[in-house]
Amino acid sequence: MPGTELFGAEERKEIEDVLSTGILFRFNHDALRNNFWKAKDFEAEVIKITHAKYALAVSNGSAAIMAALAASGIGVGDEVICPPFTYIATVEAILMLGALPVFAEIDETLCLSAEGIKQAITSKTKGVCLVHMCGGNANMDEIMAVINHHKLILVEDAGQAFAASYKGVYTGLFGKAGAYSFDFFKIATAGEGGIFVTNDETTFKLADNFSDHGHDHKGNNRGMEKHPIIGFNFRISELNAAVGVAQTRKVPAIRLQNLKNKNFLQKHLSKTKGISFSKLGDEQGDSATFLNLLLPNTEIAMLVVEEMNKAGIGGFNYWYTNMYHFINQWDHIKNLNTTAKLAIEILGPPQDYNNLNLPKTQEVVGRLISFGIRCTWTEEQMIELTTNISSCVNKAQESVIAQ
Ligand SMILES: *Cc1c(COP(=O)(O)O)cnc(C)c1O
């Protein structure tokens, strides 16, 4: 959570600008706001980093994904291929729009693979919601070949991959639209916040209208304009946007420090037998928010987790059993537990969610242990951490051999 590590005077200054006027709303009130436009500034800072043509700040990353899917033309009955390893918001956004999630295989990039996408395509497939997991990037050349060949809509959930890129193009900008999250746990935080990005003007306008009750924002009196489409309220407040401005300015420096730390950690850990690392579509484009260890198999990974718990090593995620990010923990999705009927319950799920056959995903996530990289770590702290991890990995492997 590098952003939260660096919360300080810059964030306070941006918030105080807003407090000094009391204009917490991103539109109107020109005479009273002392020219403070924090949502607009937040969008401009994100554009500086990603070079997106259009950015729209919204209330959170989940809302940004919904806006991206909706603006891309995904709705009721459309099958959308998505990964079984992601933050649940990806799947929720698809379901809330009445679309039907189809789970496909990931690979060692921790993202959907081109092959996985290909195998999940049916005559009803409308799009793919690709997720760039754990700060990295997917194999975009291979994936775009499948997307283009089958004429699918690509939406990117880059909730965890703001400032990550692939061959110079930033995550979120390969398809129709993309989404970043600025919740409390990301490379930068707005407290709660999200950014929708696209390079397409029409898609931007649709997302902009969709995220504010359909208001078209033409002219300078929001509220008195036209409402070309039905929308909802996904607006961000000026207070959250203010934090987002200060935090986003820190991201290039955070990323460089995290890359240094990740290189240091990997160099030390790669000497230990049994430790390898997740792959990246493009090594140069990592946002380096996570150190992702791959152990030889699930049994050993589970023993390593046990050893690390015994040794009191914290700061890691074992997604396979512990976290809300993996399909094995999604009984509410498998059983379609809802407050009231969603479209999927009327249309029928596109797959038997209780009997999914995703062996590659089970194998990769079973082997995966991720550490959040801190940008404030000292070399001593990193040496202590890698020494402790290596010792736990060695113990786990010795205990397997002894069996
Ligand atoms: C954090 C995250 C989200 C959700 O973002 P919020 O801002 O918490 O709504 C969506 N997708 C992924 C991959 C995430 O990591």
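When a ligand or atom number is given, it counts from 1 through the structure's own listing order.
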Mind jotting down which residue pairs meet the side-chain hydrogen bond (donor to acceptor under 3.5 Å, both in side chains) criterion with at least one end in residues 128-137? Sequence neighbours excluded, please. H132-E156
At under 4.0 Å between heavy atoms, which part of N60 makes contact with ligand 1: side chain, backbone, both or neither? both
With a 3.5 Å distance limit and no angle check, can you tell me whether E105 reaches the backbone of K360 through a side-chain donor-acceptor pair? yes
Between G191, A89, S181, G194, flag the one that comes closest to atom 6 (P) of ligand 1 by a heavy atom. S181
Atoms in ligand 1 with a heavy atom of G61 nearer than 4.0 Å: 5 (O), 6 (P), 7 (O), 9 (O)
Short side-chain to backbone donor-acceptor contact, R222 and H217, under 3.5 Å: no
So the atoms of ligand 1 within less than 4.0 Å of a heavy atom of V131 turn out to be 13 (C)
Protein residue, atom and distance nearest to atom 15 (O) of ligand 1, heavy-atom basis: Q160 CG, 2.7 Å
Given E5, E45, E11, the one that forms side chain to side chain donor-acceptor pair (under 3.5 Å) with K250: E11
Subset of ligand 1 atoms that lie under 4.0 Å from at least one heavy atom of I65: 10 (C), 11 (N)
So which protein heavy atom does atom 3 (C) of ligand 1 come closest to, and at what separation? Y87 CD2, 3.7 Å
Give a yes/no verdict on whether any heavy atom in K186 is under 4.0 Å from an atom of ligand 1. yes
Minimal heavy-atom distance between M66 and F234, with the atoms involved, is SD-CZ, 4.0 Å
Check against side-chain hydrogen bond (donor to acceptor under 3.5 Å, both in side chains), S181 and Q160: CA-CA 7 Å; S181 166; Q160 300 187 6; over 6 Å; no
When distances are taken from atom 11 (N) of ligand 1, the protein heavy atom at minimum range is D157 OD2, 2.8 Å
Starting from atom 9 (O) of ligand 1, locate the nearest protein heavy atom and write down its residue, its atom name and how far away it is, to 0.1 Å. S62 OG, 2.5 Å
Carefully, step by step, assess K262 and D286 under the rule salt bridge (Lys or Arg N to Asp or Glu O under 4.0 Å). CA-CA 10 Å; K262 186 164 179 173; D286 192 5; 2.7 Å; yes
Which ligand 1 atoms does D183 reach within 4.0 Å, using its non-hydrogen atoms? 1 (C), 6 (P), 7 (O), 8 (O)
